[in-house]
Amino acid sequence: MAIQYWLMKSEPSAYSISDLKRDKKTYWDGVRNYQARNFMRDDMKCGDLVLFYHSNAKPPGIVGLAKVCQEGYPDQSAFDPESKYFDPKSNPNHPTWIHVDIQFVRQFKRIISLNDIKKNIKLSSMKVVQKGSRLSVQPVLAKEFEEILCMADA
DNA sequence: GCCAACGTTGGC
DNA sequence: GCCAACGTTGGC
């Protein structure tokens, strides 16, 4: 199976690419959306590459690259009443929420802003540019991924 | 801070 | 199963 490509959103005030660079790897906890969960549970494989996107940032955009280093396993934060991600409906015997681990690959020299992505006709199919798209874990086509890397290195 | 788009909840 | 109300996301 060829590697697949993804885009994952994070608010930099919550967890930024700099945090990932410092930590080297992290568990992607707190996703509470079934579609995003399903991608992490069913489709994301070790070695898959991830575009790291800063949402609610100035400007919003893709800031770097990460790699899946641990496939789906239960999100412990759902069981922790102290966590802001606590979900009383998630049963430890049948966890509702599954996440992956990702590791830092590199930070881009420049932000590929949402505006840059919108201006690039080759990227018009990306979910992230579509109005109202709120999916925080989304698949990216190989050709889209390659175009993003070209822009990052340009 | 505003608000449109979306997902979830819960009454019926 | 429908759908109105509500909460959240996230660009602007």
Side-chain angles (χ1 to χ4, degrees), chain A residues 4-23 25-44 48-68 72-102 104-141 143-145 147-152 154:
Chain A
Q4 300 179 95
Y5 303 97
W6 307 92
L7 179 147
M8 295 171 94
K9 297 180 187 173
S10 182
E11 301 197 17
S13 60
Y15 197 85
S16 71
I17 188 75
S18 303
D19 293 325
L20 183 62
K21 187 175 188 177
R22 178 198 61 212
D23 297 342
K25 65 175 280 191
T26 192
Y27 38 86
W28 201 259
D29 63 349
V31 169
R32 296 293 178 266
N33 170 282
Y34 288 103
Q35 219 182 332
R37 188 246 1 230
N38 291 349
F39 285 131
M40 291 200 285
R41 185 189 61 188
D42 304 333
D43 299 319
M44 295 180 83
D48 282 4
L49 292 171
V50 176
L51 299 171
F52 197 112
Y53 180 92
H54 279 174
S55 59
N56 257 316
K58 291 177 184 170
I62 298 169
V63 293
L65 197 58
K67 178 162 52 170
V68 177
Y73 65 103
D75 182 343
Q76 299 301 319
S77 68
F79 311 131
D80 176 6
E82 301 297 307
S83 170
K84 63 179 170 177
Y85 301 128
F86 177 60
D87 179 2
K89 295 192 298 302
S90 184
N91 177 336
N93 297 317
H94 285 282
T96 307
W97 303 112
I98 301 292
H99 63 44
V100 298
D101 290 353
I102 62 170
F104 179 79
V105 175
R106 70 180 172 108
Q107 182 166 8
F108 293 157
K109 288 193 285 293
R110 65 183 195 92
I111 298 173
I112 315 240
S113 71
L114 182 60
N115 215 304
D116 294 335
I117 300 169
K118 283 179 176 170
K119 282 189 293 189
N120 188 331
I121 189 78
K122 295 179 189 164
L123 300 176
S124 57
S125 57
M126 287 188 76
K127 292 185 181 22
V128 74
V129 298
Q130 283 156 25
K131 195 179 176 184
S133 168
R134 291 167 37 179
L135 195 56
S136 63
V137 177
Q138 52 183 261
V140 171
L141 299 177
K143 63 180 180 181
E144 296 164 345
F145 181 84
E147 181 65 18
I148 294 288
L149 286 198
C150 282
M151 292 167 79

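The sequence lines fix the lettering, A, B, ..., with proteins before strands; numbering per chain opens at 1. All of these numbers come straight from a predicted model, not from anything done at the bench. Values below: all heavy atoms of this structure, side chains included; hydrogens, waters and symmetry mates excluded.
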Can you tell me which residue pairs pass the side chain to side chain donor-acceptor pair (under 3.5 Å) test with a partner in residues 123-139 of chain A, sequence neighbours excluded? S125(A)-E144(A)
Taking any atom closer than 4.0 angstrom to a non-hydrogen atom of chain A, what span of DNA chain C does the protein reach, first nucleotide to last? dG7(C) to dC12(C)
Taking all atoms of both residues into account, what is the closest heavy-atom pair of P60(A) and Y53(A), and its distance? CB-OH, 3.6 Å
Between the CG atom in D116(A) and the CD1 atom in I62(A), the distance rounded to the nearest 0.5 Å is 9.5 Å
Assign K118(A) to base, sugar-phosphate, or nothing according to its heavy-atom contacts below 4.0 angstrom with the strands shown. sugar-phosphate
Aromatic ring pairing Y15(A)/F52(A), orientation class (parallel under 30°, perpendicular over 60°, tilted between): tilted
Per nearest nucleotide of DNA chain B, the residue lying toward the 5' end, N56(A) or K131(A), is N56(A)
Do W97(A) and Y73(A) make the cut of ring centroids closer than 6.0 angstrom? no
